[in-house]
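Numbers restart at 1 for each chain; the letters A, B, ... are given by sequence-line order, proteins then strands. This one's a predicted model, so the numbers in the text were calculated from it and none came from an experiment.
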2 protein chains.
Amino acid sequence: MNIISYNLNGLRSALSKGLADWVAQVRPDVLCVQEIKAGREPLDVSALTDLGYHAYLHTAQKPGYSGVATFSLEKPLAVVEGCGQSCYDDEGRVLRLDFAHCSVLNTYMPSGTSGPERQAFKVEWLHFFRRYVRELQAAGVAPLVIAGDYNCCQTELDLRNPKTNQNSPGFTPEERQWFRDFLADGFTDSFRHHHGPVPDRYSWWTYRAGARARNVGWRIDHLLVDNALAPHIRHADMLHDVVHSDHCPVQVELDFNA
Amino acid sequence: MNIISYNLNGLRSALSKGLADWVAQVRPDVLCVQEIKAGREPLDVSALTDLGYHAYLHTAQKPGYSGVATFSLEKPLAVVEGCGQSCYDDEGRVLRLDFAHCSVLNTYMPSGTSGPERQAFKVEWLHFFRRYVRELQAAGVAPLVIAGDYNCCQTELDLRNPKTNQNSPGFTPEERQWFRDFLADGFTDSFRHHHGPVPDRYSWWTYRAGARARNVGWRIDHLLVDNALAPHIRHADMLHDVVHSDHCPVQVELDFNA
DNA sequence: CTTTTCAGG
DNA sequence: CCTGAAAAG
């Protein structure tokens with residue numbers, strides 16, 4: 001099972017840059033996308049459904065803002081939109097698809113970069129989300145694959161300039177601690193598990209100052225899998241040469257027969 | 001004296017489409033532009049001052065909105081920004097440059113197309129402007145050349161679809177009457193004077209539905225000159241093949257020796 | 001720097 | 001259909 005997570009920075013923009021052709025080539029079983037930025041009119045996803053994908057969208061209230069969508073070749077057994085908390089669901093941040101072998105939770109976590117108010121909102125979200133996932137685990141929704149733009153990372157290997165970003169949103173001590181705690185609840189960072197402590201592998205680069213060309217990035221898009229799935233990770237990667245957005249797709253391949 | 005009036009629909013946009021090269025070619029003595037759409041930062045007009053032009057700007061309060069500018073090769077004897085009425089001056093609609101042989105009044109008249117409130121504002125403006133010009137005449141500011149986007153026209157020859165636009169902003173009976181009255185105060189429509197009742201000559205085409213390609217337009221940009229200047233009109237034209245905007249430049253050449 | 005909306009035309 | 005601002009990232 002090939003699962004991809006990809007922050008598109010606008011679904012329409014990404015489609016205009018050839019997203020559908022790339023999806024047709026790679027043909028992931030499940031494609032989790034974030035920041036779809038749906039407008040007042042419903043988004044046209046026919047370019048992807050025409051490839052045989054089932055499409056599930058969870059949009060924000062505010063036009064052109066946030067929103068997630070999951071595309072899957074197999075029809076899911078169940079689909080759950082949102083997390084039941086309106087302050088988050090109004091921003092279109094969570095979408096769950098349950099399959100026979102796993103449950104894929106697609107999430108777009110808040111960015112704290114626009115100010116202290118949003119950083120506080122993000123931290124509240126992080127704690128809420130950890131509780132929410134524990135509840136899913138307790139309810140037997142498992143094994144979970146939590147795909148998405150986490151907007152944070154854990155170790156100094158996960159960003160090019162860790163020293164100068166000790167207190168930047170996405171790498172504050174509080175967020176790093178949260179990441180450790182979250183993993184300790186029973187998750188495996190599929191990329192790190194597969195590659196070990198390799199440096200310079202990122203999933204996001206600011207559009208400013210040619211950061212991507214110089215690989216000045218952050219690894220903030222993750223595919224965390226239930227520890228029970230770790231032995232089934234056949235492959236994991238950051239697809240840094242795929243460019244439809246300021247993020248790149250991140251991928252995990254799970255082999256349920258292994 | 002070659003005078004051009006040109007609604008640029010954004011000075012920066014027009015510059016990006018080669019405005020400066022065109023100005024360098026034509027080299028008008030006076031260039032009156034409208035809808036410069038200055039932002040919070042001062043506009044960079046060095047591309048024009050580098051050609052030897054003196055630059056005078058009258059910007060609106062609201063960033064990115066309205067505003068006029070006049071560029072002249074000769075340094076004017078006097079420059080008057082605005083008309084002394086703050087409700088109009090806040091929108092950057094009037095700029096006067098006095099020269100030895102004439103006074104060039106550059107104006108961007110309100111458009112009434114965004115709703116009845118703005119159409120009412122436009123009609124008030126029209127009456128105010130007529131009074132204002134009479135005061136200038138009375139004060140001996142003469143002979144006047146009133147260049148600009150009038151956002152209205154007078155006769156059925158001035159727009160492609162007069163029948164369906166009898167009550168459209170820019171061609172209401174009230175505005176047509178105003179135009180007649182304004183001319184009766186002592187002005188000559190230089191284009192009409194030079195060409196007579198020719199049809200199909202416009203200065204603005206909506207960007208929608210390929211109107212310009214089909215020449216579905218309006219002649220709403222005018223160079224009205226004091227009747228005393230009419231004998232000095234050597235040439236007048238709509239430069240419809242010059243494209244940096246949804247308007248085209250309009251031109252008059254005055255020969256003060258004739 | 002880029003996406004989207006929005007006002008304004 | 002365009003421009004430019006503004007919010008958000």
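In this structure B:R201 satisfies the salt bridge (Lys or Arg N to Asp or Glu O under 4.0 Å) test together with B:D237, sequence neighbours excluded.
Between the CD1 atom of B:I220 and the C1' atom of C:dG9 there is a distance of 10 Å, rounded to whole Å. Rounded to an integer number of Å, the gap from A:R214 CZ to C:dC1 P is 11 Å. Rounded to an integer number of Å, the gap from B:Y6 OH to D:dT3 P is 12 Å. One interatomic measurement links the two molecules: CD of B:Q119 to P of C:dG8, which rounds to 16 Å at whole-angstrom precision. Atom CZ of B:F121 is separated from atom P of C:dG8 by 12 Å (rounded to the nearest Å).
Electrostatic pairing of B:R12 and B:E41 does not count as a salt bridge here, judged by no charged N lying under 4.0 Å from a carboxylate O.
Using bins of under 30°, 30° to 60° and over 60° for the plane-to-plane angle, the ring pair A:F171/A:W218 lands in the perpendicular bin.
Using a 4.0 Å heavy-atom cutoff across all strands shown, A:A209 reaches sugar-phosphate atoms only and no base atom.
Rounding to the nearest 0.5 Å places CD of B:Q85 at 10.5 Å from CG of B:D90. In this structure, the separation between NZ on A:K122 and OG1 on A:T113 is 7.5 Å, given to the nearest 0.5 Å.
Tested against B:S203 for a side-chain hydrogen bond (donor to acceptor under 3.5 Å, both in side chains), the candidates B:D158, B:D221, B:D246 yield a single pass: B:D221.
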Heavy-atom protein contacts under 4.0 Å, nucleotides 4-9 of chain D, coded B base, S sugar-phosphate only, - none
SSSSSB

